Structures are given as C-alpha cells and as structure tokens.
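Just below is one structure, and these are the notes that go with it.
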Amino acid sequence: MTKECTRTACPYCGVGCGVEVNQLGITGDKLHPANKGVLCVKGSALAESLEMPSRLLYPKVNGREVSWSDATDLIAKAYFEAIDHYDADATAMYVSGQLLTEDYYLANKFMKGVVGSANIDTNSRLCMSSAVVAHNRAFGEDIVPVNYSDIEDAELIVICGANTAWTHPVLYRRIQQAKQRNPNLKVVVIDPRETVTAQQGDIHLPLPNDGDIALFNGLLRYCMDRAVLSRDYIAQHTLGFEELSQTIQLPSYRIEALSERLQLDQELLSKFYRWFATTKKTVTLFCQGVNQSQSGADKANSIINAHLATGKIGYPGAGPFSITGQPNAMGGREVGGLANQLAVHRGFDSESIGLVSQFWQTTRLATQPGLKAVEMFEAVERGDIKVIWIMATNPVVSMPDSQFIRKALEKCPLVIVSDVTEDSDIAQYADILLPAAGWGEKQGMVTNSERMLTRQRQFIKPRGEIKSDWQAIRQVGEKLCALLGVENGFDFNSEAAVFREYTAMTGLNKESCLLFDLSHYADISDEEYQAWQPTRWGGKQPLANGKFSFPDRKARFIVPHEPPSLNSAAWWMNTGRQRDQWHTMTRTGYIPHLAASECEPTVYINTHSAHSLGLESNQLVEVRSPTTTQRVIAKAVQDDALSRNQLFMSMHWAGKYGGDSQINALLSREVDPLSGQPAFKSQQVELLPVNVKAYGLYIGSKFQQRDFIYQSFQCEAKSEVWRFADSQTIAKHDVATIGDVHSQRRVLLDIDAGWLSVGYDEENGTNILRSILLVSTQPITSDVSQLVNLIGQILTFSSLLSIAAEYDASEMICSCFRVTDKQISAALKSGECQSVSQLTNKLKCGSNCGSCLPQVEGLVDSYIQTLTITK
Ligand SMILES: Nc1nc2c(c(=O)[nH]1)N[C@H]1C(S)=C(S)[C@@H](COP(=O)(O)OP(=O)(O)OC[C@H]3O[C@@H](n4cnc5c(=O)[nH]c(N)nc54)[C@H](O)[C@@H]3O)O[C@H]1N2
Ligand SMILES: Nc1nc2c(c(=O)[nH]1)N[C@H]1C(S)=C(S)[C@@H](COP(=O)(O)OP(=O)(O)OC[C@H]3O[C@@H](n4cnc5c(=O)[nH]c(N)nc54)[C@H](O)[C@@H]3O)O[C@H]1N2
Ligand code: SF4
Ligand SMILES: [Mo]
C-alpha cells in the first residue's frame, strides 16, 4: 500500500461509495457525496479482500505460463482466423459491469469497430437490461432521472423488487436517516418476500410473483377514477396515454378485483394508492425483482408510466429510480457495451453508424445488433462462435442453466478468460487465462446509480505479470489491426488517454436530442484526470424541463403486458442476494466474517409448507428442475418471510464453497423477449426430501473430499469448515478417509445420534487441538465459530465436553463483531439492554458498518411486541 492517502471507489455495488486508503487502513471517504464516509459490511471488509488466495499472476495457455506477448499473439491470431475463415460474427466477447469505463470503451471499440461484430455483451444483460429498454422506450434514452439527494427530498419512497437494506446498504441508510429527519416520509416496500427492507417499511405489499404490472396498472386506474392524473403533464410532455388508459379501464384493474387477484389486503393496497396519488414528492426505487423477469421491461415501464401520468418526475424528490447493481453497470451502458447498443447511448440507426464509423475511422463497423448473453452462449453451444473472450464475470455460475453454459464452453474451440484468480469457476474453462489487475491495482472511471463518475485509483503495485484489462485489450487490438491491415486504433499510453477519446466520442451527441455528452472532458490533462473529483452528469435534475430525448421531445407511455403467473405452481423459486456476499464469492467467500451469516447453500421455505412436507429445520432437501435432470441439494431453513409456495435461494454458492449446490444449474434460459434479461426470480421447481444417512461437519485444515451427495465449504479464520452428507452411513472406522485424523492422535466419542472424532497433536507435553469431525444421523446445527475458536488450543477434558455440547443453531446478525441473534435475545431478555443503542454499546453489534442495524431493530421490535403480548 502506498504511504499517501488514496481516494478511490468501492468495487462492489452501484451505490458507488467513496473509499479512502491510507496507512491506517481502508475507510469510507468523508468527502464523497454518495456515502459521506459510511461503508457497508462489504465495503468495511475491503482491506481483508486484498488477501485473495490463488491470485493469478501470469498469463497461461493450457495451464502453462507464457509471456503476455505470446498470449496476445495467439488471441489476435485466433480472432483474425475466425474472421477470415468464417466471419466477424464467429467471434464474441462477454464482459462485465465490474470493468472500468476505459476497459469497457476499448472492449466495445475492439469488437464493434475493429473485429466488426456487435457480439459483445455483458453481465449487465442479467442485471440492468430491462431497465435500459424501459428508459429507452419511455424517455428515448437510457436516462436515470433521479439523484440520491431526491431520497432526502422525498415524502414517499416506494421500493419495488429491491432488498435495499442488504443490497444497497448505504443508500438504504440514507433512507433511514431521511425518515428520522422527516417523520412524514413514508416507505412502501413491494416484494413477495418479507425482507429486512420490507420489515422496516411503513407498508409491505407481499405481492405474488410478477404481480407488479397489475399493481401499477391498478395504481393508474385508482388515480384515474379519482381524477388525480396530471392531465397537463400528459398533454404537454407525453404520447400514448389513450392506448394505456384503455387497458387500465379493464375491470381487472379495479381495486377490489386486484386485491383478490394479488391476494393483497384491500385496505393496505388502497393506502398505498392513496399515498402515491396524494404525495407530490414520490420516488420509486426498483431493482432485480422488477428487471429479472420474463416481463422485466414492461414491469419497469409500468412504474415509469405511473410517474409520467401523475407528473411525478423532473423535480426534487420525484421520479422512477432504477438502481444499478454493479459498480460500473452504468458506465458500461454509457459506453454502449451491450450487444444491442452501438456506442455512447446510440443504436444501430444509419446516422449513428455513419458518425461512429467516422469517429473510429473504421470501415469495419458492426452495423447490426449482436447476440445477447443467453443467445451468445447458445451460439457457442451450436458451434457458431469459435472464439470467446470472457472478462470479469463468472458465467458458468451466474448465467441461467449454468450446466448448459459449461457444456457450450467445453465445445468452444478457444475460450479466453481474464480474471484475478485462477480458482474461479470460469477460469477452469480457459484455454488462455490472462491475469487481470484487480481493485487497488487498476485505475479508471466508474459511474454509479445517480450518474456520478468517480475515479478508482491504484494504491498497490501489481505483482507478477498482472495487467489492467484495458492493457490486455490494447495489446490484442493493436495486433489484430496489424493482421487486418487497418490503422492501429489502440495507440493509448494511459487510462487518461482512453478517457479523452471516449469523452470526445460522446460529443457525437451534441447536435442530437440525446442528453449524454461528456465531451467537455475531451481535453482533460493527465493531471486533471488524476485529480478528478466525483462529478455527476445530467445536471441537477435531468428531464426537469419535461423535454425527453425523442425528436418530438415527448415521453412515451407503454402498454405493459402481464406475464403468466406462477401462482398455481407447486413451488416457485425466487433467487437473489445475501447481505454479506458478493455474487459468485470469488472476492468475499474467503473473508471469514462475511462467510458467517449464510454458511452453507440454503433453501428458505415457509414454516407451514415445511411442516406439511414433514421437513425438519436444517434437513437437506433436493430442488429439481422440472425440465432437465439437474438437481441441487441444500439445507432447508424455515422462513415465514416467504409465502406458502415460494422458495428462496441465494445466487452466491459457487466454486469450492458451494460444490454442486449452485441454484443456476436448475434455472431455465427463459428471458424477457425485449431485453434478453433472464427470469432469475420466477422459476418453477420441484422439491423433494433427500435420503440422508449421515450428516457431517469437519473443522480443521486437511479435509479429504469424497464423493458425498452434498458438500460445502466455509472459510474460517483459523481453519476450514466443511459440511457434507451422504446417503450411506458413515461409520466410525471411516474416520481416516475423511479428516486428517489418521496422521494425528485422536479421541473418538459416541454422541447423540452419531460420533465425534477429535484430532490433536502432542507438542512439548501438551495436546493441541487440530480438528473436529462430527458425523450424525441428524442435521448438524452448531454455531461453528465457537468450535473454530477451540482449534489450536490446548485440549482439555472440558474443551472436549464443550465441543460435544455445542450443537445449537443461531443466526449471525452482526458480521463485523460476530454477534448472533441468540446473544442479542439474551441481552434483551436479561433486561441488560432495552434498545438498539444499548445493544450497540454492550455487544458492539451495528457499531461498525451499520449494515445489520435493520435486523437489530427488528429483534428489538419483536421483543417489545412479545412483552406487550405477555402483559
Ligand atoms: N450484498 C450484496 N449486495 C449487492 C450484490 C451482491 O451480490 N451482494 N450485487 C449487486 C448487484 S449486481 C445487483 S443487480 C443488486 C441487486 O439488488 P436487489 O435487486 O435489491 O437484490 P435481489 O436480492 O437480487 O432481489 C431483490 C428482491 O426482488 C424480490 N422479487 C422477486 N420477484 C419479485 C417480483 O415479481 N416483484 C417484486 N416486486 N419483487 C420481486 C426478491 O424477493 C428480492 O427480495 O445488488 C447489488 N448489491
Ligand atoms: N439466480 C440468480 N442468478 C443471477 C442473479 C440473481 O439475482 N439470481 N443476478 C445476476 C446479476 S444482477 C449479476 S450482476 C450477475 C453477476 O455475476 P458475475 O458477474 O458472474 O459474478 P462475479 O462473481 O462478480 O464475477 C466476477 C468475476 O470477475 C473476476 N474479477 C474481479 N475483478 C476483476 C477485474 O478487475 N478484472 C477481471 N478481468 N476479472 C475480475 C472475479 O474473480 C469473478 O470471477 O449474476 C446474475 N445471476
Ligand atoms: S453500499 Fe457497500 S458495497 Fe455498495 S458501494 Fe457502498 S460500501 Fe460498497
Ligand atoms: Mo447485477
């Protein structure tokens, strides 16, 4: 780490918090407008993330280290030969919203400008593409018309399909603070699950899967019947309301019919409608519960319709607010890195094709949209794509039908992967593996959810032969230009030089109706680029003048179509995120305190449904795809946040952490036909009990993997934790085939429903505890952090007994200080603590990043409720 203070940006979510790095460590940047010094649990763990195991340091071809020059020769030649023998569309690139803007710009230029194919798509297809379609259809451009400060100005905040308390925690904290300042501010949460976000709302509407369009059409109907639509705004600034109004006049959108259809309490529903209709300053936040659906674009448009029809847009405290997932999802959209965009908010119209060809000085420009993510991997599987370069994303885990994606890549003649670790699942499919500079080693620009550009800055010297992604593309780009005999379009010597060309390109929009134009930075000097301060484009309030980006300057209403419902399905699988993990765990799985809250692949199920199936808590179950032979085994945990037929699993479990229990293996490739975004949140599945004869838990450092039916891994500070299960009994004499115990001394104890093996070494006359192996016919539910702490300690009879006694489940609430729900309840019950602040003082929970405060508050609230009931 450098000695000076470096101001940079967090590499995780789209809130885009500023981070300060100095000798003392990594903290929130007090001067950054997005977070003013605050970081969430993931941001607070950034220093630990720098200790990544299995860091990839050298380029490799078929597992053998090679020079960059040899690796990039091979890549350029492969692209050239595929273009020459087939055509440009026989090649592809699949990139990521975690690239920096400069990386993204060069990737887009490489594929669309030099290779001559728009087969460049990105994991933002899985994330933001429905919102992009909705913005383009309604506004004529992919514009987010809201800033974070609108949260503070609003009087009603609607959170639809977003678990903001967990996924955008610092933004959520701003909502909570705004509520403290303004007691009139109301929060409504629309989510089929009663998430932590929903628990904290004034109203929670637990709508059925994909019920959003009906809900928002019903809202318009309510406003229309009560004459509270903004007729002036509709007349002056919009088109298409007539057609929409015919739909919303259907009897099925009357509140009585809706409340029955959506199984929502009519009083609650009309309260939400009344609040929306009567509150001028209303912001509607939405995220993946809206976007990741067969009708994601229509869902997003139904929200935008409601804002346009009531004129709630274009002034402080109002507007539809699509929050971005990844740190630079927005930057990628600005660059134009999706297959159906050309560049800088432009599509494949002839004017744009002309302007972009001229700007890039190319005759090879792609002139039609390329393949969207799912289609792209289908083309790979068919053999139509001969070379694919995958950068900063892990599609063999994160794409739907991930087994299909694996098969496709196995068939592909050349797979190039740029990653920071060789442990990632995608790295296993690479013919050529390129070592990418990760956070802290690379630098460039990112744009957050509110269009604010922040510099990520380098503060660690890259080790080995690590290079930034843009440098890898530059090398290949230069070589491909030479092979094709075209002028070198990659003569950049720094990120600043790339940024200058990119911002100059956005000047193509100057004479158009498009708002996006950063060309005033085209002459920025290297020093100015270095000293860049967080800057938002789009002015104080984009769309404030009611002028949209269509030639007639009017916004469009879209008639949204309701998707088929999964209400009658036996089991509906909803998927998403946990508070403490990031995506496929490659950057958070190895940080012990982040791994402690959901410590094995888990399927959440309503208590009543679990009972009716005779399922005990923590028993393993099998989730099956109704259409393929895929199955996933996971621990069943009862959760009344879910409706009767709804299941929930997190998307994170991957690599050695999740073993074969990766939910996306089951999910179908069904997408929104308009955006191509997969329906990750609404999939039909089957649920079956699993015949388990033995449940196992191993804590130590030398687990021997066997062909168990289930296996998962949790990283702990002093040791590894493995959980496993088998359909065969595991007898005591099998002990040597599982743990490291055969090389040590051990004690074997019989315990309730199983046996326990404790491995230890004798050192200078004392016995040091090395491993604990527990096998039981019953699910094992102990809080392993207590057991882990025993490892390395002197083994005494009492520690042995405490191991045997330690089988009690608890939930990790505060990851920073490892405080469980049990400890909190005990402090409340004993009367020692009666409020969140007392708990924070005593147990420290919530006193670091504050990400768990909503849950701590929830525990205090429910404790107070039980007191009232017992009184
Ligand atoms: N901790 C953490 N934070 C993250 C990430 C992470 O990996 N970990 N990833 C980042 C990224 S890339 C993204 S895209 C965001 C995602 O952020 P969010 O969208 O907030 O997170 P999800 O958990 O994917 O899904 C949100 C909610 O949608 C609900 N939902 C499901 N179906 C429906 C429906 O039909 N209608 C409605 N209204 N709701 C529905 C789910 O129950 C879930 O609670 O998070 C970002 N932040
Ligand atoms: N079931 C289900 N599936 C989902 C979702 C869901 O809600 N449910 N959400 C979807 C969404 S919204 C998203 S955004 C995706 C996310 O899915 P992915 O993008 O596949 O997930 P990550 O784990 O972030 O993958 C990033 C990869 O890049 C590597 N990496 C990190 N930094 C760098 C770098 O600087 N350069 C390079 N070259 N590599 C780097 C990491 O090691 C890792 O292998 O998942 C999608 N999949
Ligand atoms: S909310 Fe958390 S993960 Fe998101 S940018 Fe801020 S610190 Fe990073
Ligand atoms: Mo995302």
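One-based numbering, in listed order, for ligands and for the atoms of each. This is a predicted model, so every value here is computed, not measured.
Of the possible polar contacts, one joining the Y148 side chain to the V15 backbone as a donor-acceptor pair under 3.5 Å is found. Proximity of a side-chain donor or acceptor of D419 to a complementary backbone N or O of L433 within less than 3.5 Å is not detected. A donor-acceptor pair is defined here as one N or O able to donate and one able to accept, closer than 3.5 Å; such a pair exists between the side chain of T602 and the backbone of E600. For the pair D103 (side chain) and W470 (backbone), a donor-acceptor distance under 3.5 Å is present. With hydrogens and angles disregarded, a donor-acceptor distance shorter than 3.5 Å links the side chain of N22 to the backbone of L24. D142 places no side-chain N or O within 3.5 Å of a backbone atom of H135 that could act as its donor or acceptor partner. Judged by distance alone, the side chain of S124 and the main-chain N or O of C127 form no donor-acceptor pair under 3.5 Å. Q578 contributes no side-chain N or O that, together with a main-chain N or O of E598, makes up a donor-acceptor pair within less than 3.5 Å. In this structure, the side chain of S675 does not engage the main chain of V133 through any donor-acceptor pair within 3.5 Å.
Classification of the W439-F459 ring pair by plane angle, with boundaries at 30° and 60°, yields perpendicular. Aromatic ring pairs are classed by plane angle as parallel below 30°, tilted from 30° to 60° and perpendicular above 60°; the pair F713 and Y657 is tilted. Classified by interplanar angle (parallel below 30°, tilted 30° to 60°, perpendicular above 60°), the ring pair F377/Y94 is perpendicular.
In this structure, atom 43 (C) of ligand 2 lies nearest to the protein heavy atom T586 OG1, 3.4 Å. When hydrogens are left out, the protein atom nearest atom 21 (O) of ligand 2 is H583 CB, 3.4 Å; that is the closest non-hydrogen contact. Nearest protein heavy-atom contact of atom 10 (C) of ligand 2 is Q292 NE2, 3.4 Å. Of all protein heavy atoms, the one closest to atom 19 (O) of ligand 2 is N123 ND2, 2.7 Å. Scanning the protein heavy atoms around atom 36 (N) of ligand 2, the nearest turns out to be D469 OD2, 2.8 Å. Atom 29 (C) of ligand 2 has D419 OD1, 3.0 Å as its closest protein atom, hydrogens excluded (heavy atom only). Among protein heavy atoms, the minimum distance from atom 33 (C) of ligand 2 is reached at V420 CG1, 3.6 Å. Nearest protein heavy-atom neighbour of atom 24 (O) of ligand 2: Q98 NE2, 2.7 Å.
Listed by number with element, the atoms of ligand 3 under 4.0 angstrom from any heavy atom of G16 are 5 (S). Remark: ligand 2 atoms within the under-4.0 Å shell around heavy atoms of L667 are 1 (N). Listed by number with element, the atoms of ligand 2 under 4.0 Å from a non-hydrogen atom of A437 are 34 (C), 35 (O). Each of the atoms 37 (C), 38 (N), 39 (N) of ligand 2 lies under 4.0 Å from some heavy atom of S418. If you number the atoms of ligand 2 from 1 as listed, the ones under 4.0 Å from a heavy atom of A436 come out as 36 (N), 37 (C), 38 (N). When each atom of ligand 2 is checked for a heavy atom of C127 under 4.0 Å away, the hits are 12 (S), 14 (S). Of all atoms in ligand 2, listed by their number and element, those nearer than 4.0 Å to a heavy atom of Q326 are 14 (S). Listed by number with element, the atoms of ligand 2 under 4.0 Å from a non-hydrogen atom of T421 are 42 (O). The atoms of ligand 2 that sit less than 4.0 Å from any heavy atom of K681 are 7 (O).
Residue M399 places no heavy atom under 4.0 Å from ligand 2. For the pair W439 and ligand 2, no heavy-atom separation below 4.0 Å is found.
The distance cut-off of 2.8 Å around atom 2 (Fe) of ligand 3 captures these protein N, O or S atoms, sorted by chain and number: C40 SG.
In N664, the part holding a heavy atom less than 4.0 Å from any atom of ligand 2 is the side chain. When non-hydrogen atoms are compared, ligand 2 lies under 4.0 Å from the backbone of T584 as well as from its side chain. Neither the backbone nor the side chain of L99 comes within 4.0 Å of ligand 2, counting heavy atoms alone. With a 4.0 Å cut-off on non-hydrogen atoms, V397 does not touch ligand 2 at all. If you look at S398 next to ligand 2, the close heavy atoms, those under 4.0 Å, come from the backbone and the side chain alike.
Within the structure, the salt bridge (Lys or Arg N to Asp or Glu O under 4.0 Å) test picks out no pair touching residues 463-473 (sequence neighbours left out).
No side-chain donor-acceptor contact under 3.5 Å links Q630 and S625. No donor-acceptor contact under 3.5 angstrom links the side chains of N163 and R579, judged on distance only. Q677 and Q288 are linked by a side-chain donor-acceptor pair at a separation below 3.5 angstrom, with hydrogens and angles left out of the test.
In terms of heavy-atom proximity, R451 sits nearest to V144 at NH1-O, 2.7 Å.
By the 3.5 Å distance cut-off applied to N or O atoms, R577 is counted among the residues near ligand 2.
For E441 and R55, the salt-bridge test passes: some basic side-chain N is under 4.0 Å from an acidic carboxylate O.
Both the sub-6.0 Å distance and the 45° axial angle are satisfied by R669 relative to the ring of F404.
Nearest to atom 40 (C) of ligand 2 by heavy atom, out of G576, G444, A392, G440, is A392.
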